[in-house]
Amino acid sequence: MVPISYYLVLSGILFACGVTGFLIKRNIISIFMSIELMLNGVNLSFVAFAAQWHALSGQVFVFFVMVVAAAEAAVGLAIIIAVYRTRETLNIDQVDLLKL
Amino acid sequence: MTHLIIFLFFGALCVAGAVNLLVQRHPINSALSLVVVMGSLAVEYLLLGAEFVAAVQVIVYAGAIMVLFVFVIMLLNAGEEERSKGSRVALLFGIPGMLIGSVLVGWVLIERTGSQTVAAGALPGAPRTIGWLLFHNFLLPFEVTSILVLIAIMGAVVLATHPDTDAGKKES
């Protein structure tokens, strides 16, 4: 028997780690992995709430989130390849075409 | 009691992997620690009775998506990232703010929902039930998602193809 709040705290920690990585990482691929970490944290809270309210819709929603994450990973990595082809770098500080 | 021990063990593994993802400078090390995070999350899903989600987590996330990440890291030969100067204001306000916020959120969560517990297998999360829901109540979103995946495939192909259609003409 594990209290539901423990799962929520764990999910919050994972999400916070993802946000931190998104902000401090300088490699595009690492930033992208931080986004995946955030998605995982949210998924855990979905499943925890599904278990608490005995509603299976939460688990179906996690399935949809995973599908969207897979599509996002495919498109995002293609974008990373395109950026690397034109800029020859993966450092986010040097990809500043839109910066004022 | 056994559930609590398993939860704490894999939760600690999860957090350790997430922190290791932040600390490592090389993307391949970050990717491998992300695999650890996703694998231990699958065990947490099993503890919550979500068998289908746990299986999909291992197959799709820890399997397919992470293989894609590792593939791209090795394809682009990504090296260690350079440290850049962080903002001093962020350190000054960010770390205390994050600590206060996390303690507050954790305290509220534990205080407010402390009495409710979850038994493993209490919820029927079997693939059969999920599949029934998916093809009855959620049929339209399911089909829309399949179209989304199709568009994502085409987008990835268009984005990753070399601008020079005559690929043999240009090296690199």
Side-chain angles (χ1 to χ4, degrees), chain A residues 1-10 12-14 16-18 20-21 23-27 29-30 32-34 36-37 40-41 43-44 46-48 50-52 54 56-60 62-64 66-75 77-82 84-85 90-91 93, chain B residues 3-4 7 11 14-15 18-19 21-22 27 30-31 34 37-38 41 44-45 47-50 52-53 56 60-61 64-65 68-69 72-73 76 78 81-82 84 86 98 102 105-106 109-110 113-114 116-119 122-123 125 129-130 133-134 138 141 145 148-149 152-153 155-156 159-160:
Chain A
M1 296 290 185
V2 182
I4 197 88
S5 52
Y6 288 11
Y7 288 101
L8 297 180
V9 169
L10 178 61
I13 291 173
L14 286 183
C17 283
T20 314
L23 292 177
I24 69 170
K25 283 289 183 184
R26 281 294 160 261
N27 190 310
I29 302 178
S30 299
F32 208 57
M33 284 191 284
S34 306
E36 297 291 332
L37 192 60
N40 269 290
N43 276 352
L44 182 62
F46 262 125
V47 176
Q52 190 190 9
H54 289 271
L56 275 178
S57 315
Q59 296 187 12
V60 176
V62 168
F63 173 76
F64 284 126
M66 282 180 181
V67 173
V68 172
E72 175 224 336
V75 175
L77 289 172
I79 290 175
I80 289 175
I81 289 176
Y84 185 78
R85 187 176 285 141
L90 286 175
N91 192 345
D93 287 330
Chain B
H3 291 167
L4 188 62
F7 170 82
C14 220
V15 174
V19 171
L21 189 150
L22 299 181
S30 299
L34 193 54
V37 172
M38 286 163 174
L41 267 181
E44 305 281 358
Y45 294 155
L47 280 181
L48 282 167
F52 175 73
V53 175
V56 172
V60 174
Y61 256 129
I65 295 184
L68 206 59
F69 269 102
V72 169
I73 290 171
L76 299 184
E81 59 182 354
E82 304 104 39
S84 58
M98 191 195 72
S102 52
V105 167
L109 282 177
I110 290 176
T113 61
Q116 277 136 348
T117 56
V118 175
L123 186 69
T129 333
I130 300 281
L133 265 181
L134 211 53
F138 293 94
T145 315
L148 174 78
V149 171
I153 293 171
L159 282 171

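The structure displayed is predicted, hence computed values, not measured ones. In what follows, chains are A, B, ... by sequence order, proteins preceding strands, each numbered from 1.
Contact annotation for Asn91(A): only side-chain heavy atoms (C-beta onward) come within less than 4.5 Å of a heavy atom of chain B. Looking at Ile29(A), the atoms closer than 4.5 Å to chain B (heavy atoms on both sides) sit in the backbone and in the side chain alike. Both the backbone and the side chain of Leu68(B) come within contact range of chain A, with heavy atoms under 4.5 Å apart. Heavy atoms of Val75(A) lying under 4.5 Å from chain B belong to its backbone as well as its side chain. Contacts of Phe7(B) with chain A are made by side-chain atoms alone, with heavy-atom separations under 4.5 Å and no backbone atom involved. Within the 4.5 angstrom heavy-atom criterion, no atom of Ala16(A) approaches chain B.
Remark: Glu72(A) CD to Leu148(B) CG distance equals 10.5 Å, nearest 0.5 Å. Atom CG of residue Leu34(B) and atom OG of residue Ser30(A) lie 10.0 Å apart, to the nearest 0.5 angstrom. Leu77(A) CG to Leu76(B) CG: the interatomic distance, rounded to the nearest 0.5 Å, is 9.0 Å. In this structure, the separation between CZ on Phe64(A) and CZ on Phe138(B) is 7.0 Å, given to the nearest 0.5 Å. Between the CD atom of Glu36(A) and the CG atom of Leu21(B) there is a distance of 11.0 Å, given to the nearest 0.5 Å. Once rounded to the nearest 0.5 Å, the distance linking CD1 of Ile130(B) with OG of Ser57(A) reads 9.0 Å.
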**Request:** For side-chain contact (heavy atoms from CB on, under 4.5 Å), just list the numbers for Val53(B) and Met66(A), CA-CA rounded to whole Å, side-chain angles, deciding distance to a tenth of an Å, and then say yes or no.
**Result:** CA-CA 9 Å; Val53(B) 175; Met66(A) 282 180 181; 4.1 Å; yes
**Message:** Before you tell me yes or no, could you show the steps for Leu14(A) and Leu41(B) under side-chain contact (heavy atoms from CB on, under 4.5 Å), namely the whole-Å CA-CA distance, both residues' side-chain angles and the distance that decides it to 0.1 Å?
**Reply:** CA-CA 10 Å; Leu14(A) 286 183; Leu41(B) 267 181; 4.0 Å; yes
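For the set Val149(B), Ile73(B), Val60(B), Val105(B), the entry with the most heavy-atom pairs within less than 4.5 Å of chain A is Ile73(B). Annotation: maximal heavy-atom pairing with chain A below 4.5 Å, among Ala31(B), Ala64(B), Gly155(B), Ser102(B), occurs at Ala31(B).
Across Met33(A) and Ser30(B), no two heavy atoms sit closer than the pair CE-CB, 3.6 Å. Nearest approach of Leu10(A) to Cys14(B), heavy atoms of both residues: CD1-CB, 4.4 Å. What you find for Leu159(B) and Arg85(A) is that their closest heavy atoms are O-NH1, 4.4 Å. Here the shortest heavy-atom pairing between Cys17(A) and Val19(B) reads SG-CG2, 4.4 Å. Across all non-hydrogen atoms, the minimal contact from Leu48(B) to Ala51(A) is CD2-CB, 3.9 Å. Residues Ala50(B) and Val47(A) come closest through the heavy atom pair CB-CG1, 3.8 Å.
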